[in-house]
Enquirer: 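First, the structure itself, so that you have it in front of you.
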Amino acid sequence: VSGEVPEEPVVSKKSGLLYEKRLIERHIADYGKCPVTGEPLTMEDIVPIKTGKIVKPRSLTAASIPGMLGMFQNEWDALMLSNFALEQQLHTARQELSHALYQHDAACRVIARLQKERDEARSLLAQAERQAPLPASAVTAVSNGKRASEEEDMGPGAKRMRHGVSDSIIAELTECNAALSQQRKKRQIPPTLAPIDALERYTQLSSHPLHKTNKPGITSIDINPSKDIVATGGIDSNAVLFGRTSGEILSTLSGHSKKVTSVKFVAHNDVFLSGSADKTVRIWQGSEDGNYNCRHILKDHTAEVQAVTVHATNNYFVTASLDATWCFYDLSSGLCLTQVEDPTNSMGYTSAAFHPDGLILGTGTIGSTVRIWDVKSRGNVANFDGHTGAVTAISFSENGYFLATAAHDGVKLWDLRKLKNFRSFELYDQDTPTNSVDFDHSGSYLAMAGSDIRVYQVGSVKAEWNCTKTLPDLSGTGRATCVKFGPDARYLAVGSMDRNLRVFGLPEEDASTES
């Protein structure tokens, strides 16, 4: 193998070839075959050979003094050449490293300067938005939804001027209603909807502390199904956007001075709405970097804003307040087009929701009455009585026929075709209110939250509504405040009076099997 006389000769049983022992051992360990014939070979096939002491002859160059001097001279010359090449490489490497460090230092300085300029520009812009009023001739909405000229003319007791709902807006609402109603006639249950047996196996998947510990409590939840983002409003006056898939907080929206009572996503344009006990509503606009900036602050209510609901066109929304009024807004401008007062309701609204078709608005009052409004005429067309205590939540079914309302005495189901209550659920004792109720988007399931979370399979006016799953409130507070179905009812997002958002659904192995 080496071309030299072996010091420890061994011979192969199979080929009869002679090898140096240390070389053939290494070759067999690496390749397991004969280096000459290529046949499989093991150390058991190797036989050592006994030989006499072998004296290696000296090479010609080392046999005389002149030859050895020449050999030493050649070795020295090779060493000097190698050393010179290494010094050249070291010098080149030092130059490249110095250049790279200079570029890195220059880049860091540029980045720091740009960040400083960006922060200064943002600060100046925010200061200008707070201090500089719009001119009287401006037609864009200022932060509270009023024009600058109106702001200057209004005294403390003056009544605000409203632009009203124009004929073009009514036509837009009517057209949207007709399109959605036509689609609803052909509506089918999506095949991706979670089946009943899957809901029966739902358990807590995760718990995420989103809000402050000194002011715990989640008051409202909404979900953006296209991006799988969960929004929560808290008693700590913040709204938090949470990526369920990534398990990370995407953005914390601060600005309200009191608890956030209602949060809503707008399906298009990356817009988010939040209502608060500080009497204001904020319109937040998403940016490319994932942050949300406050575009408008609406100050049309004189008491706590309890509910925000978005119209099916995604161009308008309604807010309901304890000041016994609800406001109809244009989303793009932030203008309050009309503010509807109810002379028969002096106690204020505690909940509100649009019908899926958009021409009906449902509101719940402190006085336990559910009021149904015609959006086009802003008239009260029906009232549902029978609850005890404030109506805490309202949810319309996607089928367009059923309305679920929650109050202190439980949940009631209403038939909108006959305007009557056809089923009631008294879930808890008289000291435990039902805080939230939510139909999933398909209208197949109904979730309720109080001291626990219950999921019902939707029946009909005559058929039973069976309780499919009861989930415990794991917050330890005994009070689940809000519940929301995820896309295709694949999970439930639950908020309680602690700071944690809890997600219930199928464990990963069960979910993959189900898929």
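Small disclaimer: the values here were computed from a predicted structure and weren't measured.
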Enquirer: Look at the aromatic rings of His355 and Phe396 and report parallel, tilted or perpendicular, splitting at 30° and 60°.
Expert: perpendicular
Enquirer: Does Lys484 offer a backbone N or O that forms a donor-acceptor pair with the side chain of Asp438 under 3.5 Å?
Expert: no
Enquirer: Side chains of Thr192 and Asp488: donor-acceptor distance under 3.5 Å anywhere?
Expert: yes
Enquirer: When you measure from the side chain of Asp357 to the backbone N and O of Leu359, does any donor-acceptor pair fall under 3.5 Å?
Expert: no
Enquirer: Taking only residues two or more places apart in sequence, or in another chain, which ones meet Asp415 in a salt bridge (charged side-chain N to carboxylate O under 4.0 Å, His left out)?
Expert: Arg417
Enquirer: Determine whether the aromatic ring centres of residues Phe354 and Phe317 are separated by less than 6.0 angstrom.
Expert: no
Enquirer: Give the intermediate values and the outcome of salt bridge (charged side-chain N to carboxylate O under 4.0 Å, His left out) for residues Arg282 and Asp278.
Expert: CA-CA 11 Å; Arg282 288 178 178 251; Asp278 63 6; 5.3 Å; no
Enquirer: Testing Val494, Val240, Ile235, Thr232 one by one against Ile218 for a side chain to side chain contact (heavy atoms under 4.5 Å, CB included), which residue passes?
Expert: Thr232
Enquirer: After noting the C-alpha distance and the side-chain angles of Val266 and Phe272, does the key distance pass the side chain to side chain contact (heavy atoms under 4.5 Å, CB included) rule?
Expert: CA-CA 6 Å; Val266 180; Phe272 178 74; over 6 Å; no
Enquirer: For residues Thr174 and Asn177, is any side-chain donor paired with an opposing acceptor at under 3.5 Å?
Expert: no
Enquirer: Would you tell me whether Asp498 and Ser496 have side-chain atoms, one donor and one acceptor, within less than 3.5 Å of each other?
Expert: no
Enquirer: Could you grab the distance from atom OG of Ser424 to atom CG of Leu413, nearest 0.5 Å is fine?
Expert: 7.5 Å
Enquirer: Evaluate side chain to side chain contact (heavy atoms under 4.5 Å, CB included) for Arg378 paired with Trp373, printing each intermediate quantity in order.
Expert: CA-CA 6 Å; Arg378 280 81 67 197; Trp373 302 82; 5.6 Å; no
Enquirer: So Thr280 and Leu298, do their side chains get closer than 4.5 Å, heavy atoms only?
Expert: no
Enquirer: Could I get the full list of side chain to side chain donor-acceptor pair (under 3.5 Å) partners for Ser206, not counting sequence neighbours?
Expert: His208
Enquirer: Treating Asn435 as the side-chain partner and Ala480 as the backbone partner, does any N or O pair qualify as donor plus acceptor under 3.5 Å?
Expert: yes
Enquirer: Asp452: what forms a side chain to side chain donor-acceptor pair (under 3.5 Å) with it, not counting sequence neighbours?
Expert: Tyr428, Arg454
Enquirer: List in chain and number order the residues that pass salt bridge (charged side-chain N to carboxylate O under 4.0 Å, His left out) with Glu398, two or more places apart in sequence or in another chain; answer none if no residue qualifies.
Expert: Arg184
Enquirer: Taking only residues two or more places apart in sequence or in another chain, which ones pass side chain to side chain contact (heavy atoms under 4.5 Å, CB included) with Gln285?
Expert: Asp270, Val271, Arg295
Enquirer: What are the two closest non-hydrogen atoms of Ala194 and Leu199, and how far apart are they?
Expert: CB-CD1, 3.7 Å
Enquirer: Testing the 3.5 Å rule here: is there a donor-acceptor pair between the side chains of Trp326 and Thr319?
Expert: no
Enquirer: Flag the pair Tyr316 / Phe328 as yes when their ring centroid distance falls below 6.0 Å, and as no otherwise.
Expert: yes
Enquirer: Applying salt bridge (Lys or Arg N to Asp or Glu O under 4.0 Å) as the test, list every pair that has at least one member in residues 248-262; sequence neighbours left out.
Expert: none
Enquirer: Can you tell me if Asn315 and Glu172 form a side-chain donor-acceptor pair at under 3.5 Å?
Expert: yes
Enquirer: Quick one: pull up CG in Leu361 and OG1 in Thr309 and give me the separation to the nearest 0.5 Å.
Expert: 7.0 Å
Enquirer: With Ser246, which residues qualify under side chain to side chain donor-acceptor pair (under 3.5 Å), at least two apart?
Expert: none
Enquirer: Within the distance-only criterion (no hydrogens, no angle test), does the side chain of Ser251 pair as donor or acceptor with the backbone N or O of Leu241 below 3.5 angstrom?
Expert: no
Enquirer: Quick one: side chain to side chain donor-acceptor pair (under 3.5 Å) partners of Tyr491, sequence neighbours excluded?
Expert: Asp228
Enquirer: Determine the minimum heavy-atom distance between Gly243 and Leu250, stating which atoms define it.
Expert: N-CG, 3.6 Å
Enquirer: Please name all residues satisfying ring pair (Phe, Tyr, Trp, His ring centres under 6.0 Å) with Tyr202, sequence neighbours left out, ordered by chain then number.
Expert: none
Enquirer: Step by step, work out the side chain to side chain contact (heavy atoms under 4.5 Å, CB included) result for Thr302 and Lys279.
Expert: CA-CA 6 Å; Thr302 58; Lys279 308 177 187 177; 5.5 Å; no
Enquirer: Whether the side chain of Thr365 engages the backbone of Gly367 through a donor-acceptor N/O pair (distance < 3.5 Å, no angle test) should be reported.
Expert: yes
Enquirer: Given side chains that start at C-beta, do those of His211 and Pro216 come closer than 4.5 Å, heavy atoms only?
Expert: no
Enquirer: Using modelled atom types only, decide if a donor and an acceptor are shared between the side chain of Ser123 and the backbone of Asp119 within a distance under 3.5 Å.
Expert: no
Enquirer: Strictly distance-based, threshold 3.5 Å: is any side-chain N or O of Asp323 a donor or acceptor partner for the main-chain N or O of Thr325?
Expert: yes
Enquirer: Report the distance from atom CD1 of Ile221 to atom OG of Ser436, rounding to the nearest 0.5 Å.
Expert: 8.0 Å
Enquirer: Under the rule for salt bridge (charged side-chain N to carboxylate O under 4.0 Å, His left out), what residues qualify as partners of Lys215, not counting sequence neighbours?
Expert: none
Enquirer: Might you work through the side chain to side chain contact (heavy atoms under 4.5 Å, CB included) test for Leu403 and Ile394, ending with a clear yes or no?
Expert: CA-CA 7 Å; Leu403 169 66; Ile394 285 179; 3.4 Å; yes
Enquirer: Any side-chain heavy-atom pair from Phe384 and Ile372 closer than 4.5 angstrom?
Expert: yes
Enquirer: As an exercise, state the distance from CH2 of Trp414 to CG of Leu419, rounded to the nearest 0.5 Å.
Expert: 10.0 Å
Enquirer: Show the nearest heavy-atom pair for residues Pro507 and Thr203, with the distance to one decimal.
Expert: CG-CG2, 3.9 Å
Enquirer: Kindly indicate whether the side chain of Arg122, heavy atoms from C-beta on, has any atom under 4.5 Å from the side chain of Leu124.
Expert: no
Enquirer: Would you check if Ser451 and Asp473 make a side-chain contact, meaning some heavy-atom pair closer than 4.5 Å?
Expert: no
Enquirer: Per the side chain to side chain donor-acceptor pair (under 3.5 Å) rule, what does the pair list look like for residues 458-471, sequence neighbours excluded?
Expert: none
Enquirer: Let me know which of Val483, Asp440, Leu492 forms a side chain to side chain contact (heavy atoms under 4.5 Å, CB included) with Val455.
Expert: Leu492
Enquirer: What distance separates Leu273 CG from His296 NE2, expressed to the nearest 0.5 Å?
Expert: 11.0 Å
Enquirer: For Thr392 and Ala406, indicate whether the former's side chain and the latter's backbone hold a donor-acceptor pair under 3.5 Å.
Expert: yes
Enquirer: Mind checking salt bridge (charged side-chain N to carboxylate O under 4.0 Å, His left out) for Asp236 and listing every partner two or more places apart, or none if nothing turns up?
Expert: none
Enquirer: Atom OG1 of Thr252 and atom CG of Leu210: how far apart are they, to the nearest 0.5 Å?
Expert: 8.0 Å
Enquirer: State whether the side chain of Ser351 and the backbone N or O of Val391 hold a donor-acceptor pair below 3.5 Å, judged by distance alone.
Expert: yes
Enquirer: Give a yes or no on whether the backbone of Ser207 and the side-chain of Asn500 come within a donor-acceptor separation of less than 3.5 Å.
Expert: no
